[in-house]
Amino acid sequence: MNILNARLRGRSGLHRIELDGARIAAITAQQAPAEACDGDIDAASNLVVPPFIEPHIHLDATLTAGEPAWNMSGTLFEGIERWGERKALVTHEDTKARAKKTIDMLVEHGIQHVRTHVDVTDPTLSALKSMLEVREETRHLIDLQIVAFPQEGIESFKDGRALMAEAIAMGADVVGGIPHFENTRDQGVSSIRFLMDLAERTGCLVDVHCDETDDPQSRFLEVLAEEARVRDMGQRVTASHTTAMGSYDNAYCSKLFRLLKISGINFVSCPTESIHLQGRFDTYPKRRGLTRVAEIDRAGMNVCFGQDSIVDPWYPLGNGNILRILEAGLHICHMLGYEDLQRCLDLITDNSARTLNLGERYGLEAGRPANLLILSAPDDYEMLRTQGHALLSIRNGKVLMRRTPAQIERY
Ligand code: 17E
Ligand code: FE2
């Protein structure tokens, strides 16, 4: 199969992408627009990109908002409380059905790589068992990374350390954490040492919910970055949320950035989630409650955007469309400048691939998997401005999803 008349990011002109089964065979520049023959797909001068990535979501909690009660305050902490009530009701099939329904939504928006946090503060590890099955049963749709996520703490939850170790032994891919939720500062610090030891010992990646609060005293990011630096694990480590960084004073943050840079860790921001959950203890002026996305990017560090929630105790909206998150995030983070607009899709493609350590499993290059999207616009800026969509999603050389744009009739 060939894809003709494709525009590619960072290259001028039109291109032909030759697929050989599940691999990309070759990418060649076209001298002129080409006619599609039998079996070819015409990209019609639209952008072709590797699949969108969802680097941070909680698939075990999606589609549970209001069950049994709604989050009335809109705070992270009430969300955790409401989830605790819903968690008591989960069954194996309930978790699997909701996760699969959500994965379908992600697939419909061109996502083929997903990192999900799964709550392991449950003595039965029920959600984890469900998600390990979902990971296998949805391989034809997505590549799924499972984070062992201690929602109620590692040190503050009964047998928290043992549950984390067991989750990794059962097959979770990534070690998680939540230091700002631990009962004391000391526990937050020791939880990070524990989870970094666990990851180093097992060869797992790390993704920590870190400083998801407006409290400027929440400073676990420096601990995580230093642990990553001394162990030389930075590329394998991600700090999610880091919203307290939006409240740090500049003097501290400028010192912090030096450490973050040499540590080489990755960052995920979930802008719709954070604009909703943070700032809740302010009147006016009211903080945005996001990490310093533009500044992290400008400093040459790796940052990407995630959805975090779809209709759960923390956030009542969401439909799987990561482009909606990109648009919101660029607004909230003051990233609608010319340079940002030219390369904004980095935040949901290449940067996310680096966070997930996808390496040569991702990207439009000969020899790599034949996973790609045809978009509805010719470049990043137009995709954003027109609120474009992924029109076609190809995985392992086969069409996975085709979207027909809305037809408008004018009289
Ligand atoms: N759990 C948490 O600690 N933070 C979040 N943003 C979500 C779940 C969605
Ligand atoms: Fe999260």
Side-chain angles (χ1 to χ4, degrees), residues 54-67 70-71 73-87 90 95 98-99 102 114-122 127-128 131 145-154 156-157 160 164 172 174-183 188 191 195 206-215 218 220-221 224 238-246 266-280 289-291 304-318 320 322 325 328-329 352 355-356:
E54 174 49 68
H56 187 124
I57 193 164
H58 296 252
L59 289 176
D60 57 336
T62 52
L63 309 177
T64 62
E67 301 172 6
W70 289 91
N71 180 345
S73 65
T75 60
L76 168 70
F77 284 75
E78 187 180 343
I80 296 173
E81 216 178 308
R82 297 283 84 81
W83 168 242
E85 295 159 6
R86 181 60 174 80
K87 185 159 72 168
V90 298
T95 304
R98 287 184 290 98
T102 309
V114 179
R115 176 179 282 180
T116 184
H117 294 255
V118 178
D119 186 359
V120 297
T121 49
D122 159 14
L128 177 67
M131 292 308 305
Q145 287 183 0
I146 294 177
V147 187
F149 171 53
Q151 177 67 79
E152 296 184 51
I154 294 175
S156 322
F157 190 78
M164 287 293 291
V174 187
V175 179
I178 187 164
H180 55 276
F181 187 80
E182 304 284 356
N183 289 333
S191 75
L195 71 89
V206 173
D207 192 331
V208 175
H209 279 65
C210 197
D211 303 316
E212 189 184 8
T213 163
D214 291 321
D215 175 6
S218 187
F220 295 105
L221 178 56
L224 180 65
T238 297
S240 280
H241 302 305
T242 62
T243 57
M245 204 200 286
N266 305 285
F267 295 86
V268 179
S269 171
C270 302
T272 50
E273 185 93 7
S274 294
I275 200 76
H276 171 64
L277 291 178
Q278 304 302 322
R280 290 286 175 168
L290 264 73
T291 194
C304 58
F305 282 148
Q307 312 194 44
D308 208 5
S309 291
I310 296 181
V311 192
D312 72 11
W314 294 274
Y315 182 77
L317 306 181
I322 190 88
I325 308 305
S352 326
T355 297
L356 266 56

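Ligands are counted one by one from 1 in listed order, and the atoms in each one are counted from 1 as well.
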Output yes when Glu152 and Lys87 qualify as a salt bridge under the 4.0 Å nitrogen-oxygen rule, no when they do not. yes
Can you find an N/O atom of Asp308 closer than 3.5 Å to an N/O atom of ligand 1? yes
Under the side-chain hydrogen bond (donor to acceptor under 3.5 Å, both in side chains) test, residues paired with Asp207 that sit two or more places apart: Arg115, Ser240
Between His117 and ligand 1, which part of the residue brings a heavy atom under 4.0 Å of the ligand: side chain, backbone, both or neither? neither
Is any side-chain heavy atom of Thr272 closer than 4.5 Å to one of Cys270? no
So, do His180 and Phe220 have ring centers that fall under 6.0 Å from each other? no
What residue and heavy atom of the protein are closest to atom 1 (N) of ligand 1, and at what distance? Gln151 OE1, 2.7 Å
Is Phe149 touching ligand 1 with its side chain, its backbone, both, or neither, if touching means heavy atoms under 4.0 Å apart? side chain
For the Fe ion (ligand 2), what is the number of protein N, O or S atoms at a distance under 2.8 Å? 4
For a quick test of reading the model, state the closest non-hydrogen atom pair linking Thr102 to Ile310 and the distance between them. CG2-CD1, 3.8 Å
By number and element, which atoms of ligand 1 are closer than 4.0 Å to a non-hydrogen atom of Leu76? 2 (C), 3 (O), 4 (N), 5 (C)
Mark up the atoms of ligand 1 that fall under 4.0 Å of a heavy atom belonging to Ser309, in ascending order. 9 (C)
So, using side-chain hydrogen bond (donor to acceptor under 3.5 Å, both in side chains) as the criterion, who are the partners of Thr243 when residues are at least two apart? none
Would you call Trp83 and Asp60 a side-chain contact if the rule is heavy atoms closer than 4.5 Å? yes
Quiz question: by atom type and distance under 3.5 Å, do the side chains of Glu182 and Ser156 form a donor-acceptor pair? yes
Could you walk me through whether His58 and Asp308 satisfy the side-chain hydrogen bond (donor to acceptor under 3.5 Å, both in side chains) test, starting with their C-alpha distance in whole Å, then the side-chain angles of each, then the deciding distance to 0.1 Å, before giving a yes or no? CA-CA 6 Å; His58 296 252; Asp308 208 5; 3.1 Å; yes
For ligand 1, which atoms sit closer than 4.0 Å to a heavy atom of Ile178? 3 (O)
heavy-atom search around atom 4 (N) of ligand 1 in the protein gives Glu212 OE1, 2.8 Å
Qualifying residues under ring-ring contact (aromatic ring centres under 6.0 Å, His included), relative to Phe181, sequence neighbours excluded: Phe77
